[in-house]
Amino acid sequence: MTKIFKGRDIISIHDFSREEIEHILKVSKDMIPAARGEKGNLSLKGKILSTIFFEPSTRTRLSFEAAMSRLGGSVVGFSDPEITSLKKGETLADTIRMVESYSDVIVLRHPMEGAAKLAADFTEKPVINAGDGAGQHPTQTLLDLFTIWTEKKDIEDKNVVLLGDLKYGRTVHSLAYALAMFGANLTFVAPEVLQMPKEVVEHVERQGGSYTSTNALEDAIESADVLYVTRIQKERFPDPAEYEKVAGMYRVDNEILTNASKDMIVMHPLPRVTEISPEVDTTEHAIYFKQAFNGVPVRMALLALIFDVVK
Ligand code: CP
């Protein structure tokens, strides 16, 4: 099994079979003590990870850096392309050629869909997609699956409500694909203009996945095991006036949660703005900060598998 991961690019959730994802989840669970700093693990000592981020990030970049550090490796990179030679007109391809000579694995976030695949074509080093525009964010999907699996004990047959910006939200695209693969039941809740894109729905259908679409959150959460909330992403709207029409349309608060079962979990890839009221943070439903921590063991597992230091 380990050989399958060695030296591999991680561009899309479609790169993985269900069996491979299950293996990643198990390795991630084993990484938790080291991710918390309770157990030493220096298996990537001497290896260098580069994080090259052309878009803002808090969780993805820092959790990759924490993951590499917890495994004894080191990190180089940038989070502000304005202070690099890109400012002088250097191309992404040339940037990748440089970065590959300074590091052993490259983590890339870029606003252009397809950028991670393009980067992977210019280097022999493994490239990990940390989000490419409205495309995919596969390591977020893996940590989301890990969170559902650890909190709900299984993924198959769970009722998962995906709420918010389903059109532009890359995390929900990758997650919908993966949840369909695992046999979860999906409900898409969004205003009409932000509903799940046709190609994602068709993919779910091809996998025999069960789904419904609605804009009635109150009804959808009654039978939900998981409510996955997303931010309506102002920065992805071509027309600001269109954003204003849907901004603030959904807000998860304690009142709406009275419709939910007491063990329904609320997830969010973060950052949140107004879509989850802070009063929810102290309820048993709120899992989103734990979900953000889960990025560390999951990314440790991926790095350890790519470098073939774990079975
Ligand atoms: N969830 C996520 O991708 O967060 P960041 O944008 O902060 O990396």
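Quick note: numbers below take in every heavy atom, side chains included, and nothing from hydrogens, waters or symmetry partners. Bear in mind that the values here come from a model prediction, so they are computed numbers and not experimental data.
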Practice prompt. Give a yes or no on this: more than 12 heavy atoms of other residues, nucleotides or ligands lie within 6.0 Å of atom CZ of Phe289.
Written response: yes

Practice prompt. Decide, yes or no, whether a salt bridge links Asp9 with Lys125 under the criterion of side-chain N to carboxylate O below 4.0 Å.
Written response: no

Item to complete: Indicate the ring-plane relationship of His203 and Tyr177, choosing parallel, tilted or perpendicular according to the 30° and 60° boundaries.
Response: perpendicular

Worksheet entry | 4.5 Å side-chain heavy-atom contact, Val105 and Ile128 | yes

Worksheet item: If you group Ile, Leu, Val, Met, Phe, Trp and Tyr by side-chain heavy-atom gaps below 4.5 Å, do Ile32 and Ile287 land in one group?
Response: yes

Item to complete: Apply the side chain to side chain contact (heavy atoms under 4.5 Å, CB included) test between Val298 and each candidate in Leu145, Leu142, Asp144; give the one that qualifies.
Response: Leu142

Worksheet item: Is there a side chain to side chain contact (heavy atoms under 4.5 Å, CB included) between Leu194 and Leu166 once you walk through the steps?
Response: CA-CA 6 Å; Leu194 290 180; Leu166 308 186; 5.8 Å; no

Item to complete: Provide the closest heavy-atom pair for Ile276 versus Tyr288 in the form atom of the first, atom of the second, distance.
Response: CG2-OH, 3.4 Å

Discussion item. Whether the side chain of His173 engages the backbone of Pro197 through a donor-acceptor N/O pair (distance < 3.5 Å, no angle test) should be reported.
Written reply: no

Fill in: Asp94 (side chain) donor-acceptor with Thr91 (main chain) under 3.5 angstrom
no

Response to the item:
Between Leu49 and Ser103 the two heavy atoms that sit nearest each other are C-CB, 4.3 Å

Worksheet item: Given Ile24 and Phe16, is the side chain to side chain contact (heavy atoms under 4.5 Å, CB included) satisfied, shown in steps?
Response: CA-CA 10 Å; Ile24 293 167; Phe16 296 107; 3.8 Å; yes

Practice prompt. Please name the pair of heavy atoms, one in Asn41 and one in Ala34, separated by the smallest distance, quoted to 0.1 Å.
Written response: CB-CB, 4.1 Å

Discussion item. Side chain to side chain contact (heavy atoms under 4.5 Å, CB included) for His285 and Leu227? Distances and angles first, verdict last.
Written reply: CA-CA 9 Å; His285 297 292; Leu227 172 61; over 6 Å; no

Item to complete: Indicate yes or no for a side-chain donor-acceptor contact from Asp15 to the backbone of Ser12 under 3.5 Å, with no hydrogens or angles considered.
Response: yes

Item to complete: State the CZ-CG distance between Arg231 and Leu270, to the nearest 0.5 angstrom.
Response: 10.0 Å

Worksheet item: Quick one: do Ile232 and Val193 end up in the same hydrophobic cluster if we chain Ile, Leu, Val, Met, Phe, Trp and Tyr together by side-chain heavy atoms under 4.5 Å apart?
Response: yes

Worksheet item: Are Thr171 and Gln140 close enough that a side-chain donor and a side-chain acceptor fall under 3.5 Å?
Response: no

Item to complete: Test side chain to side chain contact (heavy atoms under 4.5 Å, CB included) on Lys153 and Thr150 and set out the steps.
Response: CA-CA 5 Å; Lys153 312 298 172 219; Thr150 50; over 6 Å; no

Worksheet entry | Val226 and Asn159, any side-chain heavy atoms less than 4.5 Å apart | no

Fill in: Salt-bridge contact Glu202-Lys198 (side-chain N to carboxylate O under 4.0 Å)
yes

Practice prompt. State whether the number of non-hydrogen atoms from other residues, nucleotides or ligands found under 6.0 Å of Gln207 atom CD is greater than 12.
Written response: yes

Practice prompt. Determine, stepwise, if the pair Thr274 / Arg251 fulfils side chain to side chain donor-acceptor pair (under 3.5 Å).
Written response: CA-CA 7 Å; Thr274 56; Arg251 184 171 169 87; 4.9 Å; no

Fill in: Validation row: Ile265, Asp225 side chains within 4.5 angstrom (heavy atoms)
no

Worksheet item: Below 4.5 Å, heavy atoms only, C-beta onward: do Arg59 and Pro271 meet side chain to side chain?
Response: yes

Practice prompt. For the residue pair Phe5 and Leu302, establish whether any side-chain heavy-atom pair is separated by less than 4.5 Å.
Written response: no

Worksheet item: If you measure from OG1 on Thr147 to CZ on Phe293, what distance do you get to the nearest 0.5 Å?
Response: 10.0 Å

Fill in: Any donor-acceptor N or O pair under 3.5 Å, side chains Gln136, Ser174
yes

Discussion item. Can you tell whether the side chains of Glu156 and Arg18 come within less than 4.0 Å, N to carboxylate O?
Written reply: yes

Worksheet item: Do Thr230 and Asp165 have side-chain N/O donor and acceptor atoms under 3.5 Å apart?
Response: no

Practice prompt. Return yes if a side-chain donor-acceptor contact under 3.5 Å exists between Tyr211 and Asn185, otherwise no.
Written response: no

Item to complete: Please report the closest heavy-atom contact between Leu143 and Gly295, naming both atoms and the distance.
Response: CD2-CA, 3.6 Å

Worksheet item: Quick check: does any side chain N or O of Thr60 sit under 3.5 Å from a backbone N or O of Ser57, one acting as donor and the other as acceptor?
Response: no

Worksheet item: Between CD1 of Ile148 and CD1 of Ile155, what distance do you get to the nearest 0.5 Å?
Response: 6.0 Å

Practice prompt. State, without any angle test, whether Glu100 and Thr123 hold a side-chain donor-acceptor pair at a distance under 3.5 Å.
Written response: yes

Worksheet item: Has Lys117 got more than 12 heavy atoms of other residues, nucleotides or ligands less than 6.0 Å from its NZ?
Response: no

Worksheet item: Is it the case that more than 12 heavy atoms not belonging to Glu124 sit under 6.0 Å from its CD atom?
Response: no

Practice prompt. Starting at OG1 of Thr258, measure out to NZ of Lys262 and round the result to the nearest 0.5 Å.
Written response: 15.5 Å

Discussion item. Does either side chain, that of Ser63 or that of Arg299, offer a donor lying less than 3.5 Å from an acceptor on the other one?
Written reply: yes

Worksheet item: Under 4.0 Å between a Lys/Arg side-chain N and an Asp/Glu carboxylate O for Lys290 and Glu151?
Response: yes

Item to complete: Following the transitive rule for hydrophobic clusters with a side-chain heavy-atom cut-off under 4.5 Å over Ile, Leu, Val, Met, Phe, Trp and Tyr, establish whether Phe307 and Val310 coincide in one cluster.
Response: yes

Worksheet item: What distance do Lys47 atom NZ and Leu42 atom CG have between them, rounded to the nearest 0.5 Å?
Response: 14.5 Å

Worksheet entry | Atom of Ile21, atom of Met181 and distance for their closest heavy-atom approach | CD1-SD, 4.2 Å

Item to complete: Answer yes or no: is there a side-chain heavy-atom contact under 4.5 Å between Ile52 and Ile96?
Response: yes

Worksheet item: Should the pair Glu55-Arg170 be classified as a salt bridge under the 4.0 Å nitrogen-to-oxygen rule?
Response: yes

Worksheet item: Do Thr187 and Leu162 come within less than 4.5 Å of each other through their side chains, counting heavy atoms only?
Response: no

Worksheet item: Is the side chain of Asp132 donor-acceptor paired with the backbone N or O of His110 at a distance under 3.5 Å, no angle test?
Response: no

Worksheet item: Are Val160 and Leu25 connected in the hydrophobic side-chain network, where two residues link if heavy atoms are under 4.5 Å apart?
Response: yes

Practice prompt. Give a yes or no on whether the backbone of Ala35 and the side-chain of Arg70 come within a donor-acceptor separation of less than 3.5 Å.
Written response: yes

Practice prompt. Report whether Ile256 and Val229 are members of the same hydrophobic cluster (ILVMFWY, side-chain heavy atoms less than 4.5 Å apart, transitive linking).
Written response: yes

Worksheet item: Taking it one step at a time, do Lys26 and Glu22 satisfy salt bridge (charged side-chain N to carboxylate O under 4.0 Å, His left out)?
Response: CA-CA 6 Å; Lys26 285 182 192 135; Glu22 284 169 348; 5.4 Å; no

Item to complete: First locate atom CG of Leu44, then atom OG of Ser74, and finally report the distance between them rounded to the nearest 0.5 Å.
Response: 10.0 Å

Practice prompt. For the pair Glu20 and Arg8, find out whether any cationic side-chain nitrogen is under 4.0 Å from an anionic carboxylate oxygen.
Written response: yes

Discussion item. For a 4.5 angstrom cut-off between non-hydrogen side-chain atoms, does Asp253 reach Glu279?
Written reply: yes

Discussion item. Checking Glu275 against His268: is there a side-chain donor and acceptor pair closer than 3.5 Å?
Written reply: yes

Worksheet, complete the sentence: What one should report as the nearest heavy-atom pair of Val127 and Ala116 is CG1-O, 3.9 Å

Practice prompt. Could you check whether the rings of Phe54 and Phe78 sit parallel, tilted or perpendicular, using 30° and 60° as the cut-offs?
Written response: perpendicular

